[in-house]
Colleague: 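First the structure, then my questions, so here it is.
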Amino acid sequence: MKARVFKFGGASVRDADGIRNAARIIRDFGNSSNLVVVVSAMGKTTNAMEELLDLAIGNSDYSSKLEALRDYHFSVAEKLFPDISAFEVVRSGLEERFTSLNERLIQAGETDRDFTYDQVVCMGEYLSSFLLYSHLQNIGLSMFLVDAADIIQTNETWREGEVQIEKSSAAAIQFVSPLLQSGIVVTQGFIGGTESGKKTTLGREGSDYTAALFAYFMDAESVTIWKDVPGVLNADPKWMENTVLLPRLSYQDAAELTYYGATVIHPKTIRPLAWKKIPLHVRSFLNPGEPGTVVGPEGEKWDQPAFIRKTNQVLVSLSSRDFSFLEEENITEVLHAFSETGLKMQMLQVSATSISIVTDAEQQKLERAFESLNPRYSLLFNKDLTLITIQNPSKASEDFILGEKPAILVQRTRSTSQLLFR
Ligand code: ASP
Ligand code: MG
């Protein structure tokens, strides 16, 4: 029997009811063995960890913030384990983890900031996975709690750990496969480990990627991401009304959606699944009986417009200081400066005397690009912009978006229209 992978994000396990609901889904839609459950930190815990870290690094008092995070986790535990003796075990498990978190915060100022980030922020997933695991065990399922850092091996690029596929795969086959024969494995999303035993993280919202990796290593039958939306929609329902569900998508279509900024699936998720043709289901944890979206090898080509909105964009306009026309070398130089800093270009337009680039408003990276280009180019920045990408655009879909206000930059290819707004 092939394994399956379920992923529960922070919103799905944000309180005791959420954890109970996740457990019901695991019981009703999963298997009693051969199932890997990947879980994110509860609710907004990762943001809280980042705030704690900032305070600790700045030598500010973080005790009340830490106390609030403690109360949050303990109050969920109290609701989940009304029985005193069960609660006692969980209480001491939580206590241990909070002690470890506090130790990490105390040392925060002493080491590299990004390294410290990973050692602190990972604790959110250690807390949530422990609570979910304990609850599943408590309701009688055969469970194992696996430390993702022992499986997902990465290099030491803190905050953006690069996964070593071969090593991680070997670890998964050696340590996870045997457990799956007799039970369900719970593990943390978002976390990796280095050869020297340090924790890394895989980038914000990286738990989807973890789920895809486990599926890849285990040669899984499928991955299911349980979300607060019915599946992949043709726009973010928080932004647009009357969205429609995309029932089937090819890997290609899904990858493009994430590339342009759809946040429903993490961009790194698709590739490992496509390599092994493992289907990805995106389903609602609120209506788990609904089929949701299947992303897979034979998804039909989706040919209706889909809308992706990215806020907080910057338009950088460059022209050469000596008023010369921009040649191929200039374009190469500019692109190089951007790729060196890791800035991702959303849009690029070249004219005789200027290059326009739309990118995320990442201050530090922009400053570095600016430093290297400033001697030869004059740069203009336009901030607080919104980029709307329409996949499979139609005249009506463009008019619909442009009906609100005029775009300041427009670019069209056969498969996408990109419209930039102030
Ligand atoms: N907890 C992490 C975050 O909020 C990872 C995830 O949710 O996927 O970024
Ligand atoms: Mg999350």
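Along the sequence shown, residues carry numbers from 1. Whatever order the structure lists ligands and atoms in, that order sets their numbers, starting from 1. Values reported hereafter were calculated over all heavy atoms of this structure, with side chains retained and with hydrogens, waters and symmetry mates removed.
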Colleague: Can we say Asp15 and Lys79 salt-bridge, meaning some charged N sits less than 4.0 Å from an Asp/Glu carboxylate O?
Modeller: no
Colleague: Looking only at distances, please establish whether an N/O atom of ligand 1 is found under 3.5 Å from an N/O atom of Lys7.
Modeller: no
Colleague: Give a yes/no on ligand 1: does Gly189 have at least one heavy atom closer than 4.0 angstrom to it?
Modeller: no
Colleague: Within ligand 1, which atoms have a heavy atom of Thr46 less than 4.0 Å away?
Modeller: 1 (N), 2 (C), 3 (C), 4 (O)
Colleague: Which is it for Glu125 and ligand 1 at heavy atoms under 4.0 Å: side chain, backbone, both or neither?
Modeller: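 The part of Glu125 near ligand 1 is the side chain, not the backbone.
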Colleague: Atoms of ligand 1 less than 4.0 Å from Arg204 heavy atoms?
Modeller: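 So the answer, numbered in order with elements, is 3 (C), 4 (O), 9 (O).
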Colleague: Compute whether any side-chain donor of one residue and acceptor of the other, for Thr389 and Gln418, lie under 3.5 angstrom apart.
Modeller: yes
Colleague: Return yes if a side-chain donor-acceptor contact under 3.5 Å exists between Gln107 and Glu103, otherwise no.
Modeller: no
Colleague: Which part of Ser40 is near ligand 1, with near meaning a heavy atom under 4.0 Å away: side chain, backbone, both or neither?
Modeller: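 Only the side chain of Ser40 comes within reach of ligand 1.
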Colleague: Within the 3.5 Å criterion, strictly below it, is a donor on Thr243 or Asn234 matched to an acceptor on the partner's side chain?
Modeller: no
Colleague: Sequence neighbours excluded, which residues qualify as ring pair (Phe, Tyr, Trp, His ring centres under 6.0 Å) partners of Phe6?
Modeller: Trp226
Colleague: Name all residues meeting the ring pair (Phe, Tyr, Trp, His ring centres under 6.0 Å) criterion together with Phe144; count only those two or more places apart in sequence or in a different chain, and write none if there are none.
Modeller: none
Colleague: Could you tell me, atom by atom, which parts of ligand 1 come under 4.0 Å of a heavy atom of Phe190?
Modeller: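 Listed by number with element: 2 (C), 5 (C).
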